[in-house]
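Shown next, in structure tokens, is the structure this report addresses.
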Amino acid sequence: MKMQPDVPKEKNMLVLQETNIDSMGAFIIYAPIDLPTVTSIINGEDTTKIPILPSGFIISPDGRLAVDRDSTGNTPNGSILTVAFQILICANNSVSQLQQMEAVANVNVLLSSTVLKTEIVV
């Protein structure tokens, strides 16, 4: 697990990140966290009310096999990409229609910009 600076514009934000790669696939899970929150955790304050919202993606084999021309065995044919994002709309239970629409717009921008920046190799 590591913490690293996030966006240069947000000088008080860090990213808490966990990664793993094995024969079953790979995952990257991350959660943005602000510096004052990290400081309060280090100082021993109550962590039960801190909203840490992990997001990330998992790449796993799709289970189909293709004949490998270079060897006598079968090799994996493709992959499945699973993406998950969490966004805190409101810390209390009262969420207005406007807040819901803004959250949907934020998710749309987040997903669209992520897909546009990703190079897909077929």
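Values below: all heavy atoms of this structure, side chains included; hydrogens, waters and symmetry mates excluded.
Rounded to the nearest 0.5 Å, atoms CG (Leu35) and OG (Ser40) are 10.0 Å apart. Within the model, atoms OG1 of Thr82 and CZ of Phe57 stand 11.0 Å from one another, a figure rounded to the nearest 0.5 Å.
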Distance-only check: which donor-acceptor pairs under 3.5 Å involve side-chain atoms of residues 21-31, not counting sequence neighbours?
from	atom 1	to	atom 2	distance (Å)
Asp22	OD1	Met24	N	2.9
Asp22	OD1	Gly25	N	3.3

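For the side-chain contact (heavy atoms from CB on, under 4.5 Å) test, residues two or more places apart in sequence or in another chain that qualify with Ile41 are Ile33, Thr37, Thr47, Ile50. Applying the side chain to side chain donor-acceptor pair (under 3.5 Å) rule to Asp46 yields the partners Thr48; only residues at least two apart in sequence or on another chain are considered.
Using modelled atom types, one side-chain atom of Ser55 and one backbone atom of Gln86 make a donor-acceptor pair closer than 3.5 Å. For the pair Asn108 (side chain) and Val104 (backbone), a donor-acceptor distance under 3.5 Å is absent.
The hydrophobic clustering, which links ILVMFWY residues whose side-chain heavy atoms are closer than 4.5 Å, places Val83 and Val109 apart.
Between Ile59 and Ile80 the shortest side-chain heavy-atom distance does not fall below 4.5 Å.
Other members of the cluster containing Leu98 do not exist, because no ILVMFWY side chain is joined to it at under 4.5 Å.
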